[in-house]
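Contents: one structure, followed by commentary.
The residues of the chain are indexed from 1 along the displayed sequence. Both backbone and side-chain heavy atoms feed into the values below; hydrogens, waters and symmetry mates do not.
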Amino acid sequence: MISVLSDRCLAFDRNEKDAHGVLQKVHVAIGFNELPDWVEKTDYFKAAKKDGIIHVASRNHDEEAVKIMEENKKLKERIRELEEKKEVAEGQKEIIETIKKKKKE
């Protein structure tokens with residue numbers, strides 16, 4: 001088993017089906033997860049790890065993983081703040097344009 005820290009919900013499979021023909025999957029929730037070793041060998045896992053979506057956590061690196069998650073959270077909050085400011089600025093621009101149009105009339 002491997003311990004991972006994920007900032008997204010993911011699902012991994014190795015193309016195995018159960019008796020009913022349903023594809024067997026391992027689901028990953030946001031936060032810490034325990035996964036079977038074979039997951040680490042899948043292309044999807046490798047891509048997620050490369051993109052920083054998932055981090056392999058070891059006992060020595062748990063603090064580092066938590067720090068990365070906190071940094072990601074701060075970045076997402078900053079993005080949200082900037083998007084809100086952008087919306088406000090766009091709204092102000094529309095108001096100014098409307099006022100200018102009314103003054104011309």
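In this structure, Ser6 and Ala29 approach most closely via the heavy-atom pair CB-O, 3.7 Å. For the residue pair Ile53 and Asp7, the shortest heavy atom distance occurs at O-OD1, 2.8 Å. Heavy-atom minimum distance, Ala48 versus Leu10: CB-CD1, 4.3 Å.
Interatomic distance, NZ of Lys93 versus CD1 of Ile95, reported as 13.5 Å (0.5 Å rounding). In this structure, Lys74 NZ and Glu71 CD are separated by 7.5 Å, a value rounded to the nearest 0.5 Å. Between the NZ atom of Lys73 and the CD atom of Glu70 there is a distance of 8.0 Å, given to the nearest 0.5 Å. Taken from CD1 in Ile54 to CZ in Phe45, the straight-line distance is 5.0 Å, to the nearest 0.5 Å. Here the NZ atom belonging to Lys85 is positioned 13.0 Å from the CD atom belonging to Glu87, to the nearest 0.5 angstrom. Rounding to the nearest 0.5 Å gives a distance of 11.0 Å between OG1 of Thr98 and NZ of Lys100.
Under the 4.5 Å side-chain heavy-atom criterion for Ile, Leu, Val, Met, Phe, Trp and Tyr, Leu35 and Val56 are members of the same hydrophobic cluster.
Each side chain to side chain donor-acceptor pair (under 3.5 Å) pair with one or both residues in residues 22-33, not counting sequence neighbours, appears once here: Asp18-Gln24. Judged as a side chain to side chain donor-acceptor pair (under 3.5 Å), the pairs with a partner in residues 34-50 (not counting sequence neighbours) are, in order, Ser3-Glu34.
The pair Glu81-Arg78 counts as a salt bridge, with a side-chain nitrogen and a carboxylate oxygen less than 4.0 angstrom apart.
For the pair Val4/Phe32, no side-chain contact is recorded, criterion being any heavy-atom separation below 4.5 Å from C-beta on.
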